[in-house]
2 protein chains.
Amino acid sequence: MTTATSPEPKKAPAEPSDALLRQFIGYNMKRAYMQVQDDLAATLAPLGLRIGTYSALAVVVGSPGISQTQLSQVLDIKRSGVVVLVDELEGAGVLERAPVPGDRRAYSLRVTSAGKRLWQKAEAEVRAHEAALFADLAPEDLRQLHDLLARAARSAARHRQEETT
Amino acid sequence: MTTATSPEPKKAPAEPSDALLRQFIGYNMKRAYMQVQDDLAATLAPLGLRIGTYSALAVVVGSPGISQTQLSQVLDIKRSGVVVLVDELEGAGVLERAPVPGDRRAYSLRVTSAGKRLWQKAEAEVRAHEAALFADLAPEDLRQLHDLLARAARSAARHRQEETT
DNA sequence: GTCATATTGTTCATTGACGTAACAATCCGG
DNA sequence: CCGGATTGTTACGTCAATGAACAATATGAC
């Protein structure tokens, strides 16, 4: 007898739990991410941003002149999806659709000066909220988690793509 | 010079990226979890399960006799949501709504023998897929990631709850 | 040059997974 | 016994994202 719990949980469990799910890394990712997602949405709302528009803004800030198709690839959504995001950001005066010299079909997305300021505000805001959320973890643990998540994402992406190939 | 990229990304970026987002732990969680989610859905589909029903099945297996309200609390969804899940599982002969002796309103959820077998199959299947997904990480790293995610989820849950309180 | 084919952005309908609000049946405490 | 809570249920709304079409434009073969 290693663990001295009740030997036979035949009928009603005193404490229902998701113990069987917690063995999986994916489930723990979900649990953690759901918290981050909810907090992030609440953080961005006062800035007039949703998670989708916030992500799009970040990519355009970091990659000025990007096209909507490229943006859809980076965000891993369909082209029809970015239209909504860019419409919203453009309507807020945060982003603009500039014409591409060589191609009259595509747009060159750029942030306005107001957009740049909004991003800096959002970036600081999100960073602060994330720090507060994970305040129970030591800085070294956070760094480690960040690195492991990035590697896990790469590993999963690679192996999933190989399946399809 | 470590990386020899162009020093001034004024106009069109050669390689658009989500670099500005990857600084955040939450974004890396999302990237990793999305991969897991897609793979999980594909893994469960042949078994006739969706992520929602799979999660519900796991909880009922681990907590026999649980009520739908309790299940909604563990899964962190509304009671109206579990009705759909339990309906589906019951329709597949995986689960049954047994009457609760003392309370004629509630149901005592239990897995059938077929349900128990289905869960064992799903559990093994998911474990194998997860191992393949994260094959690039050393076992020790995986263990570490599992632990850090669990702690991060707890930390976030605690701090978010304190805000509301 | 011309024409088939691909690409870009867009619109619209649909889907899926939730939440909200109401409701009947049932339980509980005074 | 009765007002108020709890359980499961139903109908409806919401929100983000997809899929399928489409017009405008670009590209490449000939």
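Letters go in sequence order (proteins before strands), and every chain restarts at 1. Note that the coordinates shown come from a computational prediction; the quantities given were computed from them, not determined experimentally.
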| request: Using atom CD1 of A/I66 as one end and atom C1' of C/dT8 as the other, report the distance to the nearest whole Å. | output: 14 Å
| query | In whole angstrom, what separates A/D38's CG from D/dC15's P? | reply | 15 Å
| field | B/E130 and B/R127 ion-paired at < 4.0 Å | value | no
| In B/S/- notation, 5' to 3', how is nucleotides 16-30 of chain C contacted by protein heavy atoms closer than 4.0 Å? | -S-SB----BBS---
| request: Send over the distance from B/R97 CZ to D/dT7 P, rounded to a whole Å. | output: 15 Å
| Side-chain donor-acceptor pair present, A/H159, B/D39, cut-off under 3.5 Å | no
| task | State plainly whether the residues B/D136 and A/R151 are in salt-bridge range, i.e. N to O under 4.0 Å. | result | no
| Side chain to side chain, A/N28 and B/L145, heavy atoms closer than 4.5 Å | no
| query | For B/E88, which residues count as a side chain to side chain donor-acceptor pair (under 3.5 Å) partner, sequence neighbours excluded? | reply | B/R50
| query | Is the shortest side-chain N/O distance from B/Q68 to OP1 or OP2 of D/dT6 below 4.0 Å? | reply | no
| request: Return the value, rounded to whole Å, for the distance between atom CG of A/L95 and atom P of C/dG9. | output: 13 Å
| Can you check the A/D87 CG to C/dT10 P distance for me, whole Å? | 6 Å
| Rounded distance in Å - CD (A/Q70) to C1' (C/dT7) | 13 Å
| message | Quick check: do A/M29 and B/M29 have side-chain heavy atoms less than 4.5 Å from each other? | response | no
